[in-house]
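Just follow the structure's listing: the first ligand is 1, and inside any ligand the first atom is 1. Worth knowing before you read on, the calculation uses all heavy atoms, side chains too, and leaves out hydrogens, waters and symmetry mates. All residue numbers in this chain count up from 1 along the given sequence.
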Amino acid sequence: MNSREKLSSDKIFFGLREVISIKEIIKGTFLLEISSSEQLSKSDAGQFVYIIPRIQKRTILPRPLCIADADAGSVKLIFRVKGKGTLCLSGLSKGDRISVMGPLGKGFKDIKGPVLLAGGGLGAAPLYFLAKKLQNNEKTSIVLGFKNKNEAYFIDEFKSVLRNVFICTDDGSLGSRGNAAEKVREIISGEKILCACGPRPMLKSLSDFAGERGIRIFVSLEERMGCGMGACLGCVVKIRSGGKEEYQRVCKEGPVFDGSKVIY
Ligand SMILES: Cc1cc2nc3c(=O)[nH]c(=O)nc-3n(C[C@H](O)[C@H](O)[C@H](O)COP(=O)(O)OP(=O)(O)OC[C@H]3O[C@@H](n4cnc5c(N)ncnc54)[C@H](O)[C@@H]3O)c2cc1C
């Protein structure tokens, strides 16, 4: 055990993990599979890990990535190259070792009954983990929205765990034409819980819709993060709480929030 692994707690792993595989699944977007740990294998859907990239032998600030799947064997992460951190991760190879901390934050917890999931773009990634956890409920459905067919990924994986998978694209090149929020309005049939991850405008639109229809909604939010442990307050969002507005931390109270309480 190295010194970092000694910092691991019962619930959070901190140490080196080995890259099992890395693959570009659509242009600029990678599926990274790393070895698991006892703590990581117990992750909730919606929780995230902090990956610490090393560039020219120097570490840079950790980068948060949602857990797309986790079990005792491996943890899967799906990321899009945005800047230097994710570019560095895209250059990893099988057998490389990377620093990982997690699982962090609060995910989708105690979600039961017929649930409709809605993922926009990269937002589909954490919903795969949730879909797997909910797959025994035949009434669980998912709407996946992408810009176009070249941006769509993991369709077969979703179809292997859920019976009802609805695809839409902005240009109609795959599935029906339109965005995920519009598709949810079209196909919803009695579900009382919505779980969504994607761009802010989509989450706002779905939260407004859920409010009108008396549906519970949980949304996974993203903010630029500093420490990832709740100390730096760099990732706060405004939340309604007990008749007041307050700031809550995406890394600690989130990233999954009650969508009806988020001030978008
Ligand atoms: C809880 C959480 C979970 C996330 N899960 C995923 C995931 O599963 N897959 C994935 O691809 N990305 C995910 N992200 C976003 C990812 O962390 C950022 O894209 C990444 O940190 C960018 O690092 P970089 O060094 O490549 O880019 P940087 O050089 O740091 O920035 C490049 C560009 O990306 C923008 N950017 C950086 N971080 C964010 C952010 N958090 N939100 C929006 N824009 C940002 C910057 O403003 C800049 O324009 C998540 C973010 C959070 C907060």
Side-chain angles (χ1 to χ4, degrees), residues 12 22-34 40 43-56 58-70 74-92 98-109 117 119-132 144 146-147 151-154 157 195-203 218-237 239 247-257 259 262 264:
I12 298 176
I22 181 160
K23 187 178 163 201
E24 190 167 14
I25 49 174
I26 52 171
K27 198 167 174 355
T29 299
F30 292 78
L31 169 63
L32 170 64
E33 189 170 9
I34 56 174
L40 290 166
S43 306
D44 291 322
Q47 286 189 293
F48 66 94
V49 289
Y50 236 11
I51 304 271
I52 307 167
R54 273 180 85 80
I55 300 174
Q56 288 164 355
R58 301 182 66 176
T59 54
I60 59 168
L61 266 182
R63 300 302 197 254
L65 294 179
C66 282
I67 296 168
D69 198 3
S74 72
V75 176
K76 290 185 182 142
L77 308 165
I78 295 174
F79 67 91
R80 178 161 296 162
V81 173
K82 280 261 181 110
K84 63 180 179 184
T86 44
L87 182 64
C88 164
L89 295 180
S90 72
L92 288 167
I98 46 164
S99 290
V100 177
M101 194 190 323
L104 299 173
K106 296 209 172 58
F108 296 97
K109 280 204 108 164
L117 314 181
L122 266 188
L127 295 183
Y128 176 68
F129 196 18
L130 183 59
K132 274 186 82 178
L144 297 169
F146 302 102
K147 269 192 198 141
E151 294 281 315
Y153 63 95
F154 253 50
E157 286 81 352
C195 295
C197 187
R200 274 295 162 98
M202 168 190 154
L203 301 181
F218 298 96
V219 296
S220 178
L221 299 183
E222 262 191 29
E223 275 298 326
R224 292 215 72 173
M225 260 177 205
C227 72
M229 309 285 281
C232 77
L233 308 182
C235 61
V236 291
V237 285
I239 301 289
Y247 286 104
Q248 293 191 4
R249 299 159 295 187
V250 170
C251 70
K252 203 76 184 169
E253 286 81 30
V256 175
F257 291 92
V262 176
Y264 288 98

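Shortest contact from atom 4 (C) of ligand 1 to any protein heavy atom: Pro64 O, 3.5 Å. Looking only at heavy atoms of the protein, atom 15 (C) of ligand 1 is closest to Glu222 OE1, 3.5 Å. In this structure, the protein non-hydrogen atom closest to atom 26 (O) of ligand 1 is Thr86 OG1, 2.4 Å. The protein non-hydrogen atom at the shortest distance from atom 11 (O) of ligand 1 is Arg80 N, 2.8 Å. Protein heavy atom at the shortest distance from atom 41 (N) of ligand 1 is Glu223 O, 3.3 Å. Atom 46 (C) of ligand 1 has Arg224 NH1, 3.5 Å as its closest protein atom, hydrogens excluded (heavy atom only). Nearest non-hydrogen protein atom to atom 23 (O) of ligand 1 is Arg63 NE, 3.1 Å. Scanning the protein for heavy atoms near atom 3 (C) of ligand 1, the closest one is Cys66 SG, 3.5 Å.
Legend: residues meeting ring pair (Phe, Tyr, Trp, His ring centres under 6.0 Å) with Phe257, ordered by chain and number and at least two apart, are absent.
At a 4.0 Å heavy-atom cut-off, ligand 1 does not touch Ala125 at all.
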Q: Kindly indicate, with the supporting measurements, whether the criterion side-chain contact (heavy atoms from CB on, under 4.5 Å) is fulfilled by Leu77 and Leu89.
A: CA-CA 11 Å; Leu77 308 165; Leu89 295 180; over 6 Å; no
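Side-chain atoms of Glu33 do not come within 3.5 Å of backbone N or O of Lys76 as any donor-acceptor pair. Of the possible polar contacts, none joining the Tyr247 side chain to the Cys235 backbone as a donor-acceptor pair under 3.5 Å is found. Remark: the backbone N or O of Leu122 is paired with a side-chain donor or acceptor of Tyr153 at under 3.5 angstrom.
Taking the six-membered ring where the residue is Trp, Tyr128 and Phe154 present perpendicular rings, their angle passing 60° and hence far from 30°.
Near Lys84, meaning under 4.0 Å from one of its heavy atoms, ligand 1 places the atoms 25 (O), 26 (O), 29 (O). In summary, the atoms of ligand 1 found under 4.0 Å from a heavy atom of Phe79, numbered by their order in the structure, are 9 (N), 10 (C), 11 (O). Which parts of ligand 1 touch Met225 is read off a 4.0 Å heavy-atom cut-off, strictly below it: atoms 1 (C), 53 (C).
Counting all heavy atoms, side chain and backbone alike, Lys109 lies closest to Asp44 at CE-OD2, 3.3 Å. The two residues Ser90 and Val81 have their closest heavy-atom pair at CB-CG2, 3.8 Å.
Shown here, atom 18 (C) of ligand 1 is out of close reach of the protein: none of its heavy atoms lies under 4.0 Å off. There is no protein heavy atom less than 4.0 angstrom from atom 49 (O) of ligand 1.
Polar contact with ligand 1: absent for Val250 (N/O pair, distance under 3.5 Å).
Using a 4.0 Å cut-off between charged nitrogen and carboxylate oxygen, Glu157 and Lys132 do not count as a salt-bridge pair.
Heavy-atom proximity to atom 7 (C) of ligand 1, evaluated over Leu221, Val256, Ile78, Leu122, is greatest for Ile78.
Interatomic distance, Gln248 CD to Leu221 CG, rounded to the nearest 0.5 Å: 10.5 Å.
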